[in-house]
A.B. asks: 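Please find one structure pasted underneath; my questions will follow.
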Amino acid sequence: MDVVVCCKLVPDLVEELEVNEAGTDLDWAAVRWVLNEFDDHALEEALLLKESTGARVTVLVPEADGAEEVLYTALAKGADRAVRLTGLPPGAGSRALAVAFSRVLPSVGYDLILTGVQAVDDVDGQVGGLLAGMLGLPYVGVVTGVQVDWQVHKAVVRKEYAGGVVEELEVDLPAVLGIQSAQKPPRYAPVSKVRQLMREGKAEALPAELPAVPRAAVRRVFRPQTDRRAQILEGPAEQAAAQLVAILEERGLLRR
Amino acid sequence: MAEVMVFAERQGDSLAEVTYELLAAGRQLSQALGCELSALLVGPGAGALAGGLGTADVVVCAEDPQLAHFTPDGTLQVLEAAVQQRSPRLVLLPSTSQGLDLAAPLSARTGLPLVAYCRELWAEDGVVVAHSQVYGGKLVVEVAVPERGIVCLLPGSVSAEAGRAPGTPRVEVLSVPGVSARARFRQRFEPEAGDVDITREDILVAVGRGIGDRENLSLVEELAEALGGAVCASRPLVDNGWLPKNRQVGKSGLVVKPKLYLAVGISGAPEHLEGMKDSELIVAVNTDARAPIFDVAHYGVVADLFDFLPALTEAVRQRKG
Amino acid sequence: MPRTGLDKVDGVLEQEVAVLEGMDISGHWNRMFEQRVVWDYPTDILEKITGLPGGESLAWCYQCGKCVPVCPVDIVGDYGPRKVYRKAQLGVDLFRDPDLWLCTTCMNCLRVCPKAVDMIQIMPAVREVAVQDGQVPPELQKTFQNIGKYGNPMGESPRKRAEWVKDAGVPVTVLPADPRPVDVLWYVGSYPSYHPRGKDAARAMARVFFALGVDFGILGHEEWEDGDSVRLAGEKGLFEVLAERNIRTFAKYRFNRIVVTGPHEYNAFKKVYPQYGGEYEVLHYTQFLAPMIPRLREMFVREVRCRVTFHDPCYLGRHHGEYDAPRRLLQAIPGVELVEMPRCRENGYCCGGGGGGMWLDSFTRDYTRERLSDRRVREAVETGAEVLAVCCPYEVSRFEDAVKATGNDGKLAVRDIIELVDEALGSPRAG
């Protein structure tokens, strides 16, 4: 009963994002990498499955500055294996990462694959969906709860829709699930435990090659125009209200 | 001739609002590219709904009974077959819960590149160009899809009006041999009435001490209802017991990132800002032009909320019709 | 869990016939009950606590109750070391009970305890075990994660830690860019670096130092959270990471002493960092400036005419015995009329920020009638003061929030002492 959590590191939005000289990509040297928060939820959901069904949890993380912390935090939280994928440069993209995952997963072994439903940088496609397509597995995303019956190779998942609507689906395993949020908030890993595990050095490494993937050509990357301070809507109440309504409509916020 | 294919998202027995937005965008593209616009409709009763897709030139129906409820896996198989059989130039999907289940797997199965989180889409010199927002909206990526591809469009990016044109499109049946859905619908849960999770709401109307007395909350509640959103509050109102704890926004409450955060009578103390500063669109209403809330708001109204709120509620109701 | 008091006693000794020195005490006259021993209660929780390094002193409590009336949390709730002990006796698992997170380590209990039951040692020890078990209130967990990743509780970029310097109006040496030897290493702190009102105090401090010709430098983005409150909240591992890091950073530069903005880092650097190899001469800024009062008096150009009451920060006052330096500074400012709150000096009432309390408001709200800071502000208002003066960076944020929450907006202003000094020296007021 192997649950594999496929993680990615993304640029930390707390820092200012710099665009490179040519204006075609992020300045990768200036980026601080953090775990995609949805992957953190995927890990938590996997650990909850471990607690309820005794499954083994393996975490895969592509190598980057900060990957060590992520790997050992996962082990401190209770993951059984933490594997670092080496050889992928930053900015390789979600698709390349999905291909890399699809190539190592057979040797790692899986009955269920969990990953965050999306990330802040996956404009070329969400890893979970791409991975499922590559492996020929069923995929359900925006999942907020997973229950598994390993005996019959089925999972029951809750899928979230707009407006708070939730649908329950039965999924044949093996499958890939894109987690929106775990049933409980991601647990805390005490720093001393993480440090202790780092000293023991249990994380493993697997090589990955950067694959060639179909990609839409990025012409440029730029900052949208935003003003520092609020634009004041002038005039008496009715006038300001009318202006605001026009703005809301333009943004698609006045839908029925 | 390769077509622009729109995935028509259904909502039970009718079409989802976002489908009309996709059609509008699709129409514009197909005209610029000089090709047809097709709409793919999946599930039983597809033929009956075809009439609502007048903007399209052709409606492609796949009425497999297994697809009565949305199943990501089954629908993906239909989409794959559609792409294989019809070789569309571009496939347009909505960036919704349904669309997110389909776009990436389809891209992997067909080898067509995917552009997600698209806010703007047009064609120039035969090339489809998209603007997608990334990094929490901090940056925009301009992407060119020269040959064939898949684009996932964010709801609210395009006006649905042009997608509601009347018309009688051709209806073609898509034959999909042996759909076997490995994910199957079991049951549906509607949200409970009183149970609001403000962290999941798209629209929040936030009220602070500027509201004065508890009775005045009704002004805020009416506005929230007109907008289709929920009411939340800064700490003092929750401490007073005017609203339950699960409505509190701030450092010792909840952190929210809605599409619209309308702050009414809130000054903008750091402890409150911590809970909402990453909201997509922040509008503040306050009588004090120097209130710190205006430093994080995108738009501001310096007015008495007792004048402004009723005016806004009325304007919203009128516009929504 | 055992029942108490109403249990029938098992052992009864009675002699049917008994005559003692001519007195007939037969029957019930000589009835004695068998000794009922405290071992009838399960002592495993108490033993677990007192078995922890730092938890031993809880065993000495003999339930006199002197701690309860001085406990700031009991004034607005139901708390105190005596009650914690009693509940542990009755089987309440402190390791999983909300009581674990209500203590702010203000030390008023230890001050009056005849047996020296030391909650400042006990609570962190128990919290450490709870944290190891993953039992951490969510707001606190978020704070630990922010501090671990960014070096400050707000979760802001470390690169922006010295941005306040741009608007200080005076030159400030940021040592990583200019590693010259200085007399004073001024440890600014996270709140003064990032919180809007904290930055006002930081800028005021820079201006006052400049006016006095103090030879100082700051660490800029190399400065990380001192960690004392993290330690007291139970994340010992994170504290050690912070201490090691800060000690390594301090070692890179040459300075004679460290002057701190706040009492919590004062406590960390003075009392705890030496255990990790960092020994320094440490002064709170009020202690650093007090000897310079004669010079300041000559430099003051503006009156700050107001009635001021001073809030003794727990970690400068009770924990380190410094009650006078802040008062002398305040009284030196022309126009200031100092009035005392009833609970002052040794009996000062905690603002609720210590011991991790700064990051537990969302949790403690379910167990207290009002926030400690709200209670304190109401006490300040009763003195008739117009200004509540503070010298701990946690307090400006807490008390300004409390002023609004208690409806005293416009009646009471909250200012750090350094802001008042800066104003008297003629600098432009903040805001």
Side-chain angles (χ1 to χ4, degrees), chain A residues 11 13 17 117-118 120-126 128-130 132-134 138-142 156 159-172 214-224 229-233 237-238 240-242 244-245 247-249 251-256, chain B residues 17 72-73 96-97 100-101 103-105 107-109 111 113-117 132 134-136 138-146 149 155-157 182-191 200 203 259-260 281 283-284 294-295 297-303 307-308 311-312 315-316 319-320:
Chain A
L13 299 184
L17 298 173
V117 64
Q118 62 187 94
V120 293
D121 64 349
D122 54 6
V123 68
D124 61 333
Q126 297 81 20
L130 291 169
M134 290 168 194
Y139 176 71
V140 182
V142 206
V156 172
K159 178 179 165 66
E160 216 176 68
Y161 288 87
V165 173
V166 171
E167 283 192 353
E168 203 177 74
L169 294 154
E170 184 186 75
V171 186
D172 296 336
R215 223 182 160 156
V218 173
R219 300 216 299 210
R220 63 187 181 115
V221 174
F222 58 95
R223 242 175 264 285
R229 232 174 167 256
Q231 187 184 325
I232 303 294
L233 305 176
E238 283 74 24
L244 182 53
V245 165
I247 292 166
L248 296 180
E249 184 161 46
R251 304 250 186 157
L253 288 163
L254 285 187
R255 329 183 65 232
R256 279 157 214 87
Chain B
E17 180 71 13
D73 195 47
T96 56
S97 186
L100 282 177
D101 280 3
S107 169
R109 307 292 305 159
L114 166 61
V115 180
Y117 315 118
S132 290
V134 284
Y135 303 117
K138 285 192 170 186
L139 291 178
V140 176
V141 174
E142 184 174 291
V143 175
V145 188
S157 306
R182 295 169 296 177
R184 294 166 294 279
F185 171 84
R186 273 177 35 147
Q187 55 178 326
R188 183 181 166 95
F189 301 97
E190 297 288 340
R200 299 256 210 253
I203 295 178
K259 296 204 163 101
L260 171 63
L281 178 64
V283 180
F294 290 117
D295 286 332
H298 301 98
Y299 293 98
V301 180
V302 181
D307 293 329
F308 186 72
L312 182 60
V316 169
R319 191 58 75 98
K320 281 196 175 183

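Protein chains get the first letters and strands the later ones, always in sequence-line order, with residue 1 at the start of each.
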A.B. asks: Side chain from CB out, backbone as N, CA, C, O: work out which of these in B:Val283 comes under 4.5 Å of a heavy atom of chain A, or both, or neither.
C.D. replies: side chain
A.B. asks: Under a 4.5 Å heavy-atom cut-off, does chain B meet the side chain of A:Glu249, its backbone, both or neither?
C.D. replies: side chain
A.B. asks: Against chain A, label B:Leu100 side chain, backbone, both or neither, depending on which of its atoms sit under 4.5 Å from a heavy atom there.
C.D. replies: both
A.B. asks: Which bit of A:Ala162 is near chain B, if near means a heavy-atom gap under 4.5 Å: side chain, backbone, both or neither?
C.D. replies: neither
A.B. asks: Please report the closest heavy-atom contact between B:Phe294 and B:Gly300, naming both atoms and the distance.
C.D. replies: CE2-CA, 3.6 Å
A.B. asks: If you count heavy-atom pairs under 4.5 Å between each of A:Ile247, A:Leu248, A:Val221, A:Val166 and chain B, which one has the most?
C.D. replies: A:Val166
A.B. asks: Of all heavy-atom pairs between B:Arg319 and A:Leu254, which one has the smallest distance, and what is that distance?
C.D. replies: CG-CD1, 3.9 Å
A.B. asks: Of the listed residues (A:Pro138, A:Ala237, A:Gly133), which shares the most heavy-atom pairs with chain B below a 4.5 Å separation?
C.D. replies: A:Pro138
A.B. asks: How long is the span from the CG atom in A:Leu253 to the NZ atom in B:Lys259, to the nearest 0.5 Å?
C.D. replies: 7.5 Å
A.B. asks: Taking the side chain as every heavy atom from C-beta outward, state whether A:Asp121 and B:Val134 have any atom pair closer than 4.5 Å.
C.D. replies: no
A.B. asks: For the candidates A:Val142, A:Leu130, A:Val156, which exhibits the highest count of non-hydrogen atom pairs separated by less than 4.5 Å from chain B?
C.D. replies: A:Leu130
A.B. asks: Side chain from CB out, backbone as N, CA, C, O: work out which of these in A:Leu244 comes under 4.5 Å of a heavy atom of chain B, or both, or neither.
C.D. replies: side chain
A.B. asks: Against chain A, work out which of B:Ile203, B:Val301, B:Leu281 has the most heavy-atom pairs shorter than 4.5 Å and name it.
C.D. replies: B:Leu281
A.B. asks: Among B:Ala315, B:Pro72, B:Ala144, which residue has the highest count of heavy-atom pairs closer than 4.5 Å to chain A?
C.D. replies: B:Ala144
A.B. asks: Which atoms form the tightest heavy-atom contact between B:Phe308 and A:Ala241, and what is the distance?
C.D. replies: CE1-N, 3.5 Å
A.B. asks: What is the distance from atom CD of A:Glu168 to atom CZ of B:Phe185, rounded to the nearest 0.5 Å?
C.D. replies: 9.0 Å
A.B. asks: Measure B:Tyr117 against the heavy atoms of chain A and call it side chain, backbone, both or neither at under 4.5 Å.
C.D. replies: side chain
A.B. asks: Using a cut-off of under 4.5 Å on heavy-atom pairs, state which of B:Gly111, B:Gly149, B:Pro113, B:Pro105 scores highest against chain A.
C.D. replies: B:Pro105
A.B. asks: Examine distances only and state if a side-chain atom of A:Arg223 and a backbone atom of A:Leu17 form a donor-acceptor pair shorter than 3.5 Å.
C.D. replies: yes
A.B. asks: To the nearest 0.5 Å, tell me how far B:Arg109 CZ sits from A:Met134 CE.
C.D. replies: 10.5 Å
A.B. asks: Could you tell me which portion of B:Ala303 (side chain, backbone, both or neither) has an atom closer than 4.5 angstrom to a non-hydrogen atom of chain A?
C.D. replies: neither
A.B. asks: Distance check, rounded to the nearest 0.5 Å: B:Leu139 atom CG versus A:Phe222 atom CZ?
C.D. replies: 9.5 Å
A.B. asks: Check each atom of B:Arg200 against the heavy atoms of chain A and say whether the ones under 4.5 Å are side chain, backbone, both or neither.
C.D. replies: side chain
A.B. asks: State whether the side chain of B:Ser132 and the backbone N or O of B:Val141 hold a donor-acceptor pair below 3.5 Å, judged by distance alone.
C.D. replies: no
A.B. asks: Checking heavy atoms, do the side chain of A:Arg220, its backbone, both or neither come under 4.5 Å from chain B?
C.D. replies: both
A.B. asks: About how many Å separate CD of A:Glu170 and CZ of B:Arg186, when rounded to the nearest 0.5 Å?
C.D. replies: 5.5 Å
A.B. asks: Please identify, among B:Leu114, B:Leu260, B:Val140, the residue contributing the most non-hydrogen atom pairs under 4.5 Å to chain A.
C.D. replies: B:Val140
A.B. asks: Quick one: of B:Arg184, B:Gln187, B:Arg188, B:Lys138, who has the most non-hydrogen atom pairs under 4.5 Å with chain A?
C.D. replies: B:Arg184
A.B. asks: Flag the one option from A:Ala132, A:Gly141, A:Gly125, A:Gly252 with the top tally of heavy-atom pairs under 4.5 Å to chain B.
C.D. replies: A:Gly141
